[in-house]
Q: 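Below you will find the structure I want to go over with you.
Worth knowing before you read on, the calculation uses all heavy atoms, side chains too, and leaves out hydrogens, waters and symmetry mates. Whatever order the structure lists ligands and atoms in, that order sets their numbers, starting from 1.
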Amino acid sequence: MNARTAKGTGKGAVAVAARPFHYRGRVLYCDGVSLAQLAEAHGTPLYVYSAKQIRYRFGLFQEAFAGREATVCYAVKANSSLAILRMLAEMGAGFDIVSGGELERVRLASKTALKRVVFSGAGKQEWEIDAALKAGILMFNVESEAELGLLATRAEALGVRARFALRVNPDVFAETHPYISTGLGSHKFGVEIGLARGIYRRTARSKWLDAAGVSVHIGSQIRAVEPFAAALARVAGLVGELREDGHKIRVVDAGGGLGIDYLDSPTEPKFDAARKVREYAAALAKAAERLGAVHLLVEPGRFVAAQAGGLMTRVIGVKQNGAKTFVITDAAMNDLIRPALYQAHHEILPVRRGRGASTKVDVVGPICESGDFFAHDRVMERVKAGDLLLLLDAGAYGMSQASNYNTRVRAAEVLVDEDEARLIRRRETLRDLMAAEIL
Ligand code: LLP
């Protein structure tokens, strides 16, 4: 562990708009690249990401924690594209992983980043633990006493000491969607904070376990900073007790979860990412005062990637059913499941604007379920077959949650860097899709 991982970007905080998508005349651009041209070159559905926005967002965290020993561990699950992981690794990122698969992604993106990996997740398997031990990761965030037993067994088998942090459940309520809230006593994650001391005490007997830290993660898409501070304050209390018991706690992992504004409000000011991260860091710093010397980890995912990306789709047709108008797109819930799964709101922009008056429509995909929608009763410019649309804020938990439902190939992905665009994942083919099947 070294203190240098939390270095700033060196560029100073040049403010960047919350999203990289903007109109030049009538055409929507991602930074310096026309989306109409990208659709032409790569087809749709197409995920488009701004490298500049991702670097900027990640850099905000690095700058906000630059004054202390800290590592920003990007949550791989938010967007696990190898090209994006490599870009972040080059900035000195650590990574929060939740599977052996994500470990492999980090390895492919950057071998040197492996030592900055934390391994979270409620059900780690033996092969995953082994792979992570061999890779020499920074720390395991352990979610139960049983898992700790397994970790000790595997560490002994491999002849290495395993650094771990128990993930404690601070019983803090944070306002978010119930599916992505994790910090309450009733959730499957972590162990009750009141039981933690006993568990650390019992592990002290194993020479294969190194109780290096304590970790916490209270949920995702949390827009207020107070719950993070409340959770960390509880962790600080526990760290004090653990130190009294003789454990050398050096790392505290405050988890991820900082939320963004998906909904553009006509009355509220535009989302200010830099300010949000500063508030978040200040709240954590205050709660961390009691911690003394620790290496602080944070695990942002959504905040780094969501607004940097959009999902571009082409209108297949417009259909009238009774009083309703349906805009049917070539993207579907298999490409972006957030509206179907969390009733999430994503803004939708026409790639060529100014073509018609506004109307109220449902934007839906072609999949055989009514849950396959992107928007209900959305007022937007009239569109027709062949037009292109962009679903905003799809850079996190978009492609990473995509599936092949309805035997649909997964979308291609493009990374825009200023005026240049690079294909970072080709569109799947039907052959890819069926390659693993046995007839
Ligand atoms: N650390 C841990 C242990 C996590 O479980 C998560 C997210 C993160 C960090 C990153 O949280 P973030 O900063 O991205 O909020 N699919 C849902 C979100 C699920 C989040 C799961 N855990 C969505 O589309 O909203």
Q: Check whether any heavy atom of Pro300 sits under 4.0 Å from an atom of ligand 1.
A: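 Yes, that is the case, since the closest heavy atom of the residue is under 4.0 Å from the ligand.
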Q: Kindly indicate, with the supporting measurements, whether the criterion side-chain contact (heavy atoms from CB on, under 4.5 Å) is fulfilled by His345 and Arg378.
A: CA-CA 10 Å; His345 177 97; Arg378 187 71 61 86; 3.2 Å; yes
Q: I want to know if ligand 1 touches Phe303 in the polar sense, i.e. an N/O pair below 3.5 angstrom.
A: no
Q: Looking at Arg19 and Asp393, does any basic side-chain N land under 4.0 Å from a carboxylate oxygen?
A: yes
Q: Any nitrogen or oxygen of Gly257 lying under 3.5 Å from a nitrogen or oxygen in ligand 1? Just yes or no.
A: yes
Q: Salt-bridged, Glu147 to Lys124, with N to O below 4.0 Å?
A: yes
Q: Relative to the heavy atoms of Arg302, which atoms of ligand 1 are at a distance of less than 4.0 Å?
A: 12 (P), 13 (O), 14 (O), 18 (C), 23 (C), 25 (O)
Q: Do any heavy atoms of Gly255 fall under 4.0 Å from ligand 1?
A: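 No; Gly255 lies far enough from ligand 1 that no heavy-atom distance drops under 4.0 Å.
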Q: Please determine whether a side-chain nitrogen of the Lys or Arg among Arg427 and Asp432 lies less than 4.0 Å from a carboxylate oxygen of the Asp or Glu.
A: no
Q: Would you check the N or O atoms of Ser220, main chain and side chain alike, for any that come under 3.5 Å of an N or O of ligand 1?
A: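 It does: an N or O of Ser220 is found under 3.5 Å from an N or O of ligand 1.
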Q: Take Ser400 and Asn79, measure what side chain to side chain donor-acceptor pair (under 3.5 Å) needs, and give me the verdict at the end.
A: CA-CA 5 Å; Ser400 65; Asn79 185 320; over 6 Å; no
Q: Pick whichever of His217, Arg338, Gln401 has a heavy atom sitting closest to atom 8 (C) of ligand 1.
A: His217
Q: I need the contact type for Tyr342 against ligand 1. Using non-hydrogen atoms and a strict under-4.0 Å cut-off, is it side chain, backbone, both or neither?
A: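 The part of Tyr342 near ligand 1 is the side chain, not the backbone.
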Q: For Lys111, does the NZ atom sit with more than 12 other heavy atoms under 6.0 Å from it, leaving out its own atoms?
A: no
Q: Take Ser120 and Asp96, measure what side chain to side chain donor-acceptor pair (under 3.5 Å) needs, and give me the verdict at the end.
A: CA-CA 7 Å; Ser120 308; Asp96 165 54; 2.7 Å; yes
Q: Within a distance under 4.0 Å of any heavy atom of Gly301, pick out the atoms of ligand 1 and give their elements.
A: 12 (P), 13 (O), 14 (O)
Q: List every atom of ligand 1 that sits less than 4.0 Å from any heavy atom of Ala75, numbering the atoms from 1 in the order shown and giving each element.
A: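 Listed by number with element, the hits are 8 (C), 9 (C), 10 (C).
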